[in-house]
Amino acid sequence: MRPDSLLIDGSWRTARAGGGREIIDPCDASVAATVAEADAGDVDAAVAAAKAAFRGGEWSGMPTAQRVAVLEAVAVALQANRDEISHLETRDTGKTLAESEYDVDDSTAVYRYYAALAAQDAGRVVDTGRAGVDSRIVYEPVGVCGLITPWNYPLLQISWKIAPALAAGNTLVAKPSELTPLTTIRLFELLETALREAGAPSGVANLVLGGGVVGAALAAHPDVDLVSFTGGAASGKSVMTAAASTVKKVALELGGKNPNIVFEDADFETAVDFALTAAFLHSGQVCSAGSRLILHRSLHEPFVAELVRRAELIRVGRGLDKESETGALISAAHREKVERYIAGALAQGAALRCGGVRPSDEQLQAGFFLRPTVLDDCHAGMTVVREEVFGPVLTVETFETEDEAVELANDTPYGLAGAVWTTNEARAARVAGKLRLGTVWINDYHPYVPQAEWGGYKQSGTGRELGPSGLREYQETKHIWRTLDPKPQRWFSG
Ligand code: NAD
């Protein structure tokens with residue numbers, strides 16, 4: 001990986017102050033790469049480049065077809081480099097190669113979706129009910145966008161932001177997680193080529209690297225017009241506060257504590273199967289992970305028994321090993337945090353039904369692995385049920401009535417996603433309507449498509465990514481009123 005890994009005003013640079021950071025492979029703690037570590041001076045330079053590129057008007061004024069060709073070119077380049085990028089994502093995040101391949105394909109789909117959507121987005125004519133008036137709503141880019149992303153889905157999360165931001169004609173400064181910047185750097189190489197070939201000015205897309213200090217500098221910067229942040233609730237609140245100083249537009253995609261409700265009439269085998277995927281995909285490091293299993297009491301014993309039987313069979317291993325079904329946690333510190341949640345849950349009365357330990361396999365000792373963990377006998381008063389653990393930890397609660405299930409599901413400060421399992425259609429519709437969540441799956445878990453909005457209620461965030469709303473986040477709405485044959489109005493008589 002290149003040491004000159006900041007992209008500012010069209011040129012690859014090292015950090016001004018010479019800073020660097022080692023990127024650690026979570027599967028064996030080896031150094032995967034060393035990249036530049038920016039500081040506030042680099043952020044200033046990147047924002048200045050983005051501002052100049054926006055003010056020039058060449059990019060935002062480019063015909064939409066020409067601008068969206070850049071997104072299409074990125075989609076083609078991602079597919080052409082799919083193997084290399086998936087390997088890089090796995091090395092960086094510790095997730096399995098199959099998951100990284102999905103991420104490259106899903107990212108590709110996002111560029112294609114916004115390329116197509118922007119091409120149709122011509123605004124609208126308003127029916128004013130008055131003669132002699134032409135009234136139109138047009139959508140314009142917001143300006144300079146600061147894009148900040150987390151470590152769990154690096155390529156995908158940044159793509160959810162870059163694609164609509166550029167489709168709308170904005171310029172941008174991106175800052176990926178300091179733990180997993182590698183595929184974002186690779187993406188910017190592809191993006192920079194696509195922009196140059198389209199004749200875009202330098203400075204349309206800039207990349208800075210570093211941690212919270214760099215992110216905070218971007219969020220507070222007076223020349224950033226919009227900040228779109230995906231990450232934890234605490235950092236998101238800081239971003240919102242920083243953005244308030246200049247009344248920036250803010251979009252926040254934060255954490256979740258997502259309920260997975262199973263009624264007694266659900267298809268047993270399918271519900272168990274998806275309860276595993278919901279909780280243990282990417283070792284539970286998924287914002288929408290179904291980490292709270294809410295079971296009808298009559299199902300409790302057989303369901304948990306089957307869940308535990310299958311959880312114990314999950315093959316935890318190195319991401320590049322084709323046999324692995326789930327990979328590592330992102331860092332030693334994060335694994336320790338997850339282990340503290342498990343210990344705390346046991347101290348508060350939870351029953352450990354499986355996991356709670358590091359795998360014994362000799363090959364995995366250097367990496368940050370943890371076995372899938374099922375905690376039974378949980379209740380809403382426990383810290384492990386209330387806080388986002390972001391690891392392979394599933395809590396089990398039980399209910400008797402439909403109202404009780406909804407109450408348990410909604411009893412959280414978060415509201416990102418969740419599922420309901422039942423063969424009773426009326427009940428499914430009722431419960432889906434009562435859940436205070438941005439996404440509800442009925443008899444499924446985790447699917448999403450670029451055409452449908454994604455985002456949270458309550459402290460899971462504000463604003464939406466994906467879908468038409470995902471493009472609107474990056475647009476100002478302007479009303480243009482034109483009187484066709486103007487005459488004096490004589491409101492004042494003099
Ligand atoms: P994090 O909040 O620690 O970091 C996220 C990003 O923000 C990183 O780039 C980090 O460097 C930066 N950052 C940290 N402090 C900042 C500050 N004060 N100002 C500006 N930037 C700052 O989160 P993480 O640990 O990287 O990611 C995990 C979290 O992300 C989880 O809570 C997860 O639920 C959430 N997440 C949400 C979604 C969603 O769609 N809602 C998707 C993925 C992850």
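Every number for a ligand or one of its atoms is a count from 1 in the order of the listing.
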Is it true that [X] lies under 4.0 Å from ligand 1, counting heavy atoms only?
| X | value |
| --- | --- |
| S177 | yes |
| Y153 | no |
| G236 | no |
| G211 | yes |

Tell me the protein heavy atom at minimum distance from [atom], and give that distance in Å.
| atom | value |
| --- | --- |
| atom 8 (C) of ligand 1 | T149 O, 3.3 Å |
| atom 22 (C) of ligand 1 | G212 CA, 3.8 Å |
| atom 21 (N) of ligand 1 | G215 CA, 3.5 Å |
| atom 24 (P) of ligand 1 | W151 NE1, 3.4 Å |
| atom 7 (O) of ligand 1 | F229 CE1, 3.0 Å |
| atom 36 (N) of ligand 1 | C287 CB, 3.6 Å |
| atom 12 (C) of ligand 1 | I148 CG2, 3.8 Å |
| atom 41 (N) of ligand 1 | L254 O, 2.7 Å |

Just which atoms of ligand 1 are under 4.0 Å from any heavy atom in [X]?
| X | value |
| --- | --- |
| T230 | 5 (C), 36 (N), 37 (C), 38 (C), 39 (C), 42 (C), 43 (C), 44 (C) |
| N152 | 43 (C), 44 (C) |
| V239 | 19 (N), 20 (C) |
| G232 | 1 (P), 2 (O), 23 (O), 29 (C), 30 (O), 32 (O) |
| P176 | 9 (O) |

_Minimum non-hydrogen distance to atom 10 (C) of ligand 1, winning option of K257, E178, E465, M240_ =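 Heavy atom nearest to atom 10 (C) of ligand 1 belongs to E178.
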
*Can you figure out which of A216, A233, S235, G231 has its heavy atom closest to atom 2 (O) of ligand 1?*
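Looking at heavy atoms only, the winner is S235.
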
*Which one holds for E388 and ligand 1: side chain close, backbone close, both close, or neither close, with close meaning a heavy atom under 4.0 Å?*
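E388 to ligand 1: side-chain contact only, backbone stays beyond 4.0 Å.
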
*Please state which part of S238 comes within less than 4.0 Å of ligand 1, counting heavy atoms only: side chain, backbone, both or neither.*
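Looking at S238 and ligand 1, just side chain atoms fall under 4.0 Å.
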
*asked:* Would you compute the distance between atom CG of L226 and atom CG of L172 and round it to the nearest 0.5 angstrom?
replied: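 Atom-to-atom, L226:CG and L172:CG are 10.5 Å apart.
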
*Using 30° and 60° as the class limits, which term best fits the ring planes of H282 and Y153: parallel, tilted or perpendicular?*
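Correct class here is perpendicular.
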
_W441 and W454 aromatic ring geometry - parallel, tilted or perpendicular at 30°/60° bounds_ =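 Tilted: the ring planes of W454 and W441 meet at 30° to 60°.
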
*asked:* If you measure every N or O of W454 against every N or O of ligand 1, does any of those distances drop under 3.5 Å?
replied: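 N/O-N/O distance below 3.5 Å exists for this pair.
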
*Can you find an N or O of K175 that's nearer than 3.5 Å to an N or O of ligand 1?*
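Yes: some nitrogen or oxygen of K175 is under 3.5 Å from one in ligand 1.
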
*asked:* Apply side chain to side chain contact (heavy atoms under 4.5 Å, CB included) to residues L156 and Y102 and explain how you reach the verdict.
replied: CA-CA 10 Å; L156 191 64; Y102 265 110; over 6 Å; no

*Should the pair E473-R464 be classified as a salt bridge under the 4.0 Å nitrogen-to-oxygen rule?*
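Salt bridge flag = no for R464 with E473.
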
*Any salt bridge between D103 and K95, counting N to O under 4.0 Å?*
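Result for this pair is yes, salt bridge flagged.
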
*So do L466 and Y113 actually touch side chain to side chain, heavy atoms under 4.5 Å?*
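With C-beta onward as the side chain, the pair stays apart.
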
*Of the non-hydrogen atoms in I261 and A409, which two are nearest, and what is the gap between them?*
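Scanning both residues completely, I find the closest heavy atoms to be CD1-CB, 3.8 Å.
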
*Considering non-hydrogen atoms only, spot the tightest contact between G255 and Y414 and give its length.*
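Looking at all heavy atoms of both residues, the shortest contact is O-CD2, 3.2 Å.
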
Would [X] and [Y] count as having a side-chain donor-acceptor pair, cut-off 3.5 Å?
| X | Y | answer |
| --- | --- | --- |
| R91 | S30 | yes |
| Q475 | N170 | no |
| S100 | T90 | yes |

_side chain to side chain contact (heavy atoms under 4.5 Å, CB included) evaluation trace for T14 with D4_ = CA-CA 4 Å; T14 54; D4 56 339; 4.1 Å; yes

*Crowded around R436 CZ? As in, over 12 foreign heavy atoms under 6.0 Å?*
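Result for CZ/R436: open.
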
